[in-house]
Asker: 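Take a look at the following structure, please.
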Amino acid sequence: MQTLIISEEEVQDVLASNGDFELKQGWFDSAYKKYIYPIISLEMMNSVEENLKEEAEGLIKTAVINFALANNFFKIVLEIDSSSIKDNSAKEERATKEDKESLLQGLFADGYQAVEDLIIFLEENETDFSAWKESAKYTKLKSSFINSANLFQKYVDIGNSRQVFLKLWPSIQKVERKLKKLLPDGLFEKLLSKDDNIDDALLTKLLDDYLLPYVAHKALAEAIPSGAVIFRNDSIVAYDDTNTNKRTGYRTADKATLKEMQQQNEQDAQECLQDLLDLIEANKQGLGIVDQPQASTALVYESKPGSSLVFI
């Protein structure tokens with residue numbers, strides 16, 4: 001596996017800081033393996049034109065630097081203090097606990113946004129990134145109806161947060177696996193591949209009006225009880241208490257609000273699912289669905305040879 005080498009100048013450019021703290025190569029390696037390698041490896045970019053490779057690497061480094069600092073934030077927070085980070089309202093005061101937590105969450109947000117930008121960039125230039133396009137890393141993303149934060153955002157507001165989307169990803173996959181069992185045989189694959197034999201208007205209505213909203217609402221409804229996401233400051237945020245060094249701030253979410261959000265998303269999901277199934281039922285022919293003959297449960301009588309009674 002190639003190593004991502006990042007210079008001190010690149011760190012300063014990304015963080016827009018002249019602090020005295022130092023980020024270690026091991027932190028970069030860990031961030032790369034956790035956040036970037038599951039999407040694309042450095043080896044996949046070796047045959048790409050230099051300008052595209054540099055742009056992709058720039059996004060990767062932006063993500064890795066932010067994640068490296070965020071994941072090791074409390075190891076170096078005293079060094080950040082020694083650099084006299086101030087808040088804007090009190091020039092002579094050192095950063096407060098709230099300031100530091102805000103900075104930490106900003107680092108994660110910037111990291112996930114760089115990941116999102118990287119995926120968008122790769123998709124826009126997928127022909128050039130042929131090794132990536134032909135890899136399991138790419139097809140894994142494409143194996144789902146909702147495969148990006150931007151697409152999820154079209155149906156449920158998550159603040160365009162890649163962090164929230166990644167927390168929701170297991171729920172999205174779970175919902176889609178269950179959905180496949182609810183649909184007629186083969187229809188899941190036809191809709192996922194946008195089969196050319198399906199009328200465009202019907203396909204758009206099935207996906208945009210019902211199926212995708214169902215997946216989004218249902219995934220969020222299922223994720224809330226597991227603690228994957230929470231409601232805070234009128235927005236949905238990812239839940240991860242390691243991000244706040246086991247602090248309790250994220251545990252104070254209004255349970256009544258969470259419950260209401262879960263119930264509303266569950267209701268919206270069920271309405272979309274029913275509308276989806278009704279539309280499928282009304283368009284069986286156009287979708288190429290053939291009803292399977294039902295096995296008869298009636299008693300079968302056979303006439304006894306030589307008997308004058310004949311059963312039909």
Side-chain angles (χ1 to χ4, degrees), residues 33-41 63 67 108 111-113 115-120 122-123 126 132-195 203 206-231 236-240 242 258 261-277 280:
K33 291 175 184 176
K34 181 176 182 180
Y35 300 101
I36 303 300
Y37 187 74
I39 298 170
I40 186 171
S41 67
F67 285 132
F108 275 108
Y112 280 111
Q113 185 58 57
V115 171
E116 182 73 7
D117 292 342
L118 171 65
I119 293 174
I120 293 172
L122 292 173
E123 289 181 342
E126 61 182 23
W132 172 73
K133 184 180 179 181
E134 296 167 3
S135 72
K137 298 178 188 295
Y138 175 86
T139 54
K140 178 182 177 181
L141 286 173
K142 288 303 177 186
S143 65
S144 174
F145 283 100
I146 298 184
N147 48 56
S148 72
N150 286 344
L151 186 53
F152 198 101
Q153 177 71 26
K154 288 179 62 177
Y155 305 101
V156 177
D157 182 11
I158 56 172
N160 282 309
S161 171
R162 181 78 186 157
Q163 186 177 7
V164 172
F165 174 73
L166 291 178
K167 288 289 183 180
L168 289 169
W169 180 247
S171 294
I172 292 171
Q173 293 179 301
K174 179 181 177 181
V175 169
E176 292 189 358
R177 284 195 299 271
K178 289 182 178 179
L179 177 63
K180 184 176 181 178
K181 296 178 181 180
L182 295 175
L183 299 182
D185 289 345
L187 184 57
F188 184 93
E189 290 78 9
K190 286 183 179 181
L191 295 177
L192 184 60
S193 65
K194 298 184 178 179
D195 194 316
L203 182 64
L206 286 166
L207 294 177
D208 294 352
D209 291 357
Y210 303 129
L211 192 151
L212 294 177
Y214 164 72
V215 172
H217 286 294
K218 184 67 173 177
L220 182 54
E222 294 207 355
I224 289 174
S226 69
V229 294
I230 67 165
F231 187 79
I236 301 170
V237 299
Y239 180 87
D240 186 351
T242 60
L258 284 176
M261 179 188 292
Q262 180 195 0
Q263 292 175 342
Q264 184 60 59
N265 278 279
E266 182 66 42
Q267 180 180 331
D268 291 343
Q270 292 307 316
E271 290 176 358
C272 287
L273 177 60
Q274 189 58 58
D275 289 341
L276 173 66
L277 296 178
I280 291 172

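The basis for the numbers below is simple: all heavy atoms, side chains too, and nothing from hydrogens, waters or symmetry mates. None of the values given here were measured: they were computed from a predicted structure.
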Asker: Is the side chain of Lys137 donor-acceptor paired with the backbone N or O of Tyr37 at a distance under 3.5 Å, no angle test?
Answerer: yes
Asker: Quick one, Glu266 with Lys218, criterion side-chain contact (heavy atoms from CB on, under 4.5 Å). Give me CA distance, side-chain angles, the key distance, then yes/no.
Answerer: CA-CA 6 Å; Glu266 182 66 42; Lys218 184 67 173 177; 2.8 Å; yes
Asker: So, using salt bridge (charged side-chain N to carboxylate O under 4.0 Å, His left out) as the criterion, who are the partners of Glu116 when residues are at least two apart?
Answerer: Arg162
Asker: Drop me the distance from Trp169's CH2 to Asn147's CG, to the nearest 0.5 angstrom.
Answerer: 6.0 Å
Asker: How many angstroms lie between CG in Asp275 and CD in Gln270, if you round to the nearest 0.5 Å?
Answerer: 11.0 Å
Asker: Evaluate side-chain contact (heavy atoms from CB on, under 4.5 Å) for Lys154 paired with Leu212, printing each intermediate quantity in order.
Answerer: CA-CA 9 Å; Lys154 288 179 62 177; Leu212 294 177; over 6 Å; no
Asker: Taking only residues two or more places apart in sequence or in another chain, which ones pass side-chain hydrogen bond (donor to acceptor under 3.5 Å, both in side chains) with Trp132?
Answerer: none
Asker: Do we get Lys181 above Phe188's six-membered ring, with its NZ or CZ under 6.0 Å from the centre and within 45° of the axis?
Answerer: no
Asker: Who pairs with Tyr214 by ring pair (Phe, Tyr, Trp, His ring centres under 6.0 Å), at least two apart in sequence or on another chain?
Answerer: none
Asker: Of all the heavy-atom pairs spanning Glu176 and Ile146, show the shortest one and how long it is.
Answerer: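 Smallest heavy-atom distance, with atoms named: OE2-N, 3.4 Å.
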Asker: Quick one: closest heavy-atom pair of Ile158 and Gln153, and the distance?
Answerer: N-OE1, 2.9 Å
Asker: Would you sort out whether Ile119 and Ser148 count as a side-chain contact (heavy atoms from CB on, under 4.5 Å), showing the intermediate values?
Answerer: CA-CA 8 Å; Ile119 293 174; Ser148 72; 5.6 Å; no
Asker: Going by the rule salt bridge (charged side-chain N to carboxylate O under 4.0 Å, His left out), which residues pair with Lys33 if we only count those two or more places apart in sequence or in a different chain?
Answerer: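 Here no residue qualifies.
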Asker: Can you see which heavy atom on Leu168 is nearest to which on Ala223, and at what distance?
Answerer: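 The answer is CD2-CB, 3.4 Å.
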Asker: How far does CG of Leu151 sit from CZ of Phe165, to the nearest 0.5 angstrom?
Answerer: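 Going from CG on Leu151 over to CZ on Phe165, the span is 8.0 Å.
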Asker: Applying ring pair (Phe, Tyr, Trp, His ring centres under 6.0 Å), name anything that partners Tyr155, two or more places apart in sequence or on another chain.
Answerer: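 Counting only residues at least two positions away or on another chain, Tyr155 forms no ring pair (Phe, Tyr, Trp, His ring centres under 6.0 Å).
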Asker: Check whether any side-chain heavy atom of Asn265 lies under 4.5 Å from a side-chain heavy atom of Val156, and answer yes or no.
Answerer: yes
Asker: Of all heavy-atom pairs between Ala63 and Val115, which one has the smallest distance, and what is that distance?
Answerer: CB-CG2, 4.0 Å
Asker: Relative to the ring of Phe108, is the ring of Tyr112 parallel (under 30°), tilted (30 to 60°) or perpendicular (over 60°)?
Answerer: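 Geometry flag for Phe108 against Tyr112: parallel rings.
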Asker: Find out whether Leu211 and Leu179 are in side-chain contact, i.e. whether some heavy atom of one side chain is under 4.5 Å from a heavy atom of the other.
Answerer: yes
Asker: NZ of Lys190 to CG of Asp185: how many Å apart, nearest 0.5 Å?
Answerer: 10.5 Å
Asker: Applying side-chain contact (heavy atoms from CB on, under 4.5 Å), run through His217 and Gln264 and close with a yes or a no.
Answerer: CA-CA 9 Å; His217 286 294; Gln264 184 60 59; over 6 Å; no
Asker: Among all residues two or more places apart in sequence or in another chain, which pass the ring pair (Phe, Tyr, Trp, His ring centres under 6.0 Å) test with Phe152?
Answerer: none
Asker: Do Ile280 and Pro184 have side chains that get closer than 4.5 Å, going by heavy atoms?
Answerer: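 When only atoms from C-beta onward are counted, Pro184 and Ile280 do touch, with a gap below 4.5 Å.
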Asker: Is any side-chain heavy atom of Ile36 less than 4.5 Å from a side-chain heavy atom of Phe67?
Answerer: no
Asker: Within this structure, what is the CG-CG distance for the pair Leu182 and Leu187, rounded to the nearest 0.5 Å?
Answerer: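 These two atoms lie 11.5 Å from each other.
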Asker: More than 12 non-hydrogen atoms from neighbouring residues, nucleotides or ligands closer than 6.0 Å to CZ on Phe145, yes or no?
Answerer: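 Above 12, so yes.
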Asker: Any chance you could measure Ser143, atom OG, to Glu189, atom CD, to the nearest 0.5 Å?
Answerer: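 Answer rounded to 0.5 Å: 11.5 Å.
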